[in-house]
Amino acid sequence: MSEPGDTEQQIRQDRLAKLAAARSRGVDLYPTGFPHRVPVAVLRERFGGLEPGTDSGQRLRVAGRVMARRGHGKAQFLDLVDASGRIQLHATADATPGYEEFGDLDLGDLIGVEGEVFQSRRGELSVRVESWQLLAKCLRPLPEKWHGLTDVEQRYRHRYVDLITNEQSRVDAIARSRAITAMRAALDEEGFVEVETPVLQPLYGGGAAKPFTTHSNELERDLYLRIADELYLKRLIVGGLDRVYELSKDFRNESISFKHSPEFTMLEWYQAYADYRDGMELVEKVVSRAGAAAGSTLDLTPPWPRRSLREAITEAAGIDPLADRDRERLVSFMQEQGMDTSGDHTWAQAVDHLLSHFVESRVTTPLFITDYPVELSPFSKRSPDDDAIVERFEAFCGGMEIANAYSELNDPLEQRERFEQQRRAAAAGDEETTPMDEDFLLALEYGMPPTCGVGIGIDRLMMVLLDKRNIREVILFPALRVLEPDDGGA
RNA sequence: GGGCCGUUAGCUCAGCUGGUAGAGCAGGGGACUUUUAAUCCCAAGGUCGCAGGUUCGAUCCCUGCACGGCCCA
């Protein structure tokens, strides 16, 4: 075994040999459990007040991964890490049975330990190893103990190694989970029910995006992975469920960027007999609860300021976007500002571009932008005061859009006309239109109550709450290009 | 999609206008029974991302490709 580049293979072979030796001694290499163990955090809570240099007189069991070792001849200290924290172990030739085999343990090994809790002279809470058991062997070398795994690509491709070595990665993963739990709780308290609607759809809709396509052999037809939950959830509102939400993955077959992932997590809720003003209050409540649960330092205390899109752009950019419907006026202004307007084919797109350029990117603390032009919003209800405006809002924070919502269009005839507009836009070359959905229109014809619908992009929200600049930092297994085979067989 | 940058030991990083590479940690051997980035001694570890080109000679210069990062769209 002396091929070049096989440091890691040599380590693996050495460790496999240790396993084989242990097996020949009759050791159960992969035992089925380790009962009655105490999480490290609980142990710390219970014994944290112990005076330095004193024993607790109490034995207990801890289990986790060996992350550091400091040897001292016939004694050694190890750091044991579980999901709740890190604790020092002290093994000695006198007190630890099988001390020699204990010394064969490698960094990364998972072990269970039983022994007395004591406070070292230097005040480090520790467990004396009075009995121990290998729970699973680590056959691969861990990254460097001080820097951990810092290579961004390796952290994403081998997230388990990132989580093993970088406590912050574990903290962030748990924070995301806590935030999601808190959002569910907030909605449940308001009488919402969580539902599940199709991921595989014969028609996609509810957003402006290109879908992934797949195929059902049994149904003998192509299906789409949903780009949004919207149209199914509104069918449930027609059916009388009144308050529904769904929290799961949507898929968009588009470019990947620091804030775009092809699969991403959406929370959508629909509230009957409510309008977009009610939606803003609930967004404030749900997001502030999520922020508290995630330990965010942002001030998300309601109420958040509200500005109309027209006011916000006029103030930030110095041009009134809604003075008329003239694309040329906006585009020439934007070009004077040095902006690339090659993607702004319509007046509405230019307005959207102004919003993201001058408003979205500058928002640090939470802000609602309200009252959007109808052209940007095929499923929103028109304002009773202005035919050209819809009752829609977006919430921005930390330079990011975190929520999009509106009073839902529930007039089936007008909804049909909006679909027709989308069809015309598609015929004109717009690749991100929403296709005619006859079954959805049929549902609306049975009557949908006035409803507010809200969508929250969970990944972007987590970026804001955890202060991450790349969506891959808040997705445990982000989309990456596949490497050529032969990345070392390692 | 465009521009810039990166890819060297398992990990974190050095490597001078081109002469086939160094350190720390991890791993191996040894000393050490309250250390905590423990310490000390010894030895070992490389297809310098991949493929071409220039050159007497390429980790280094050039081209292409792969993957990633940042910025722009």
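By convention in this document, chain letters (A, B, ...) are assigned in the order of the sequence lines, proteins followed by strands, and residues within each chain are numbered from 1.
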Looking only at side-chain atoms of [X], point me to the closest of [options].
{"X": "A:E153", "options": "B:U36, B:G68, B:U33", "result": "B:G68"}
{"X": "A:R70", "options": "B:A73, B:U33, B:U36", "result": "B:U36"}
{"X": "A:S257", "options": "B:G45, B:U33, B:A73", "result": "B:A73"}
{"X": "A:Q88", "options": "B:U36, B:U34, B:G68", "result": "B:U36"}
{"X": "A:R122", "options": "B:U36, B:G27, B:C67", "result": "B:U36"}
{"X": "A:R157", "options": "B:U33, B:G68, B:U36", "result": "B:G68"}
{"X": "A:N470", "options": "B:U33, B:G69, B:G27", "result": "B:G69"}
{"X": "A:Y156", "options": "B:A73, B:G69, B:U36", "result": "B:G69"}

Touch class at under 4.0 angstrom, heavy-atom based, for [X] against every strand present:
{"X": "A:K18", "value": "sugar-phosphate"}
{"X": "A:D79", "value": "nothing"}
{"X": "A:R155", "value": "nothing"}

In whole Å, measure the gap between the C1' atoms of B:C13 and B:A26 for me.
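It works out to 14 Å between them.
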Please state the C1' separation for the pair B:G28 and B:U47 - nearest whole angstrom.
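Here B:G28 and B:U47 have their C1' atoms 24 Å from each other.
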Go through the N and O atoms of the side chain of A:S120 and the base of B:U35, and report whether any donor-acceptor pair is under 3.5 Å.
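For A:S120, whose side chain was compared with the base of B:U35, there is a donor-acceptor pair (under 3.5 Å).
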Heavy-atom donor-acceptor pair, A:R121 side-chain to B:U34 base, under 3.5 Å
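Answer is no: no donor-acceptor pair is held.
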With the threshold set at under 4.0 Å for non-hydrogen atoms, list the residues of residues 142-150 of chain A touching RNA chain B in residue-number order.
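Here the set is A:P143, A:E144, A:K145, A:W146, A:H147, A:G148, A:L149, A:T150.
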Distance under 6.0 Å and angle within 45° of the ring axis: does A:R226 meet both against A:F251?
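Judged by the rule, A:R226 and A:F251 form no cation-pi pair.
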Ignoring backbone atoms, test whether A:R481 places a side-chain nitrogen or oxygen under 4.0 Å from the OP1 or OP2 oxygen of B:A66.
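A:R481 to B:A66 OP1/OP2: no side-chain N or O under 4.0 Å.
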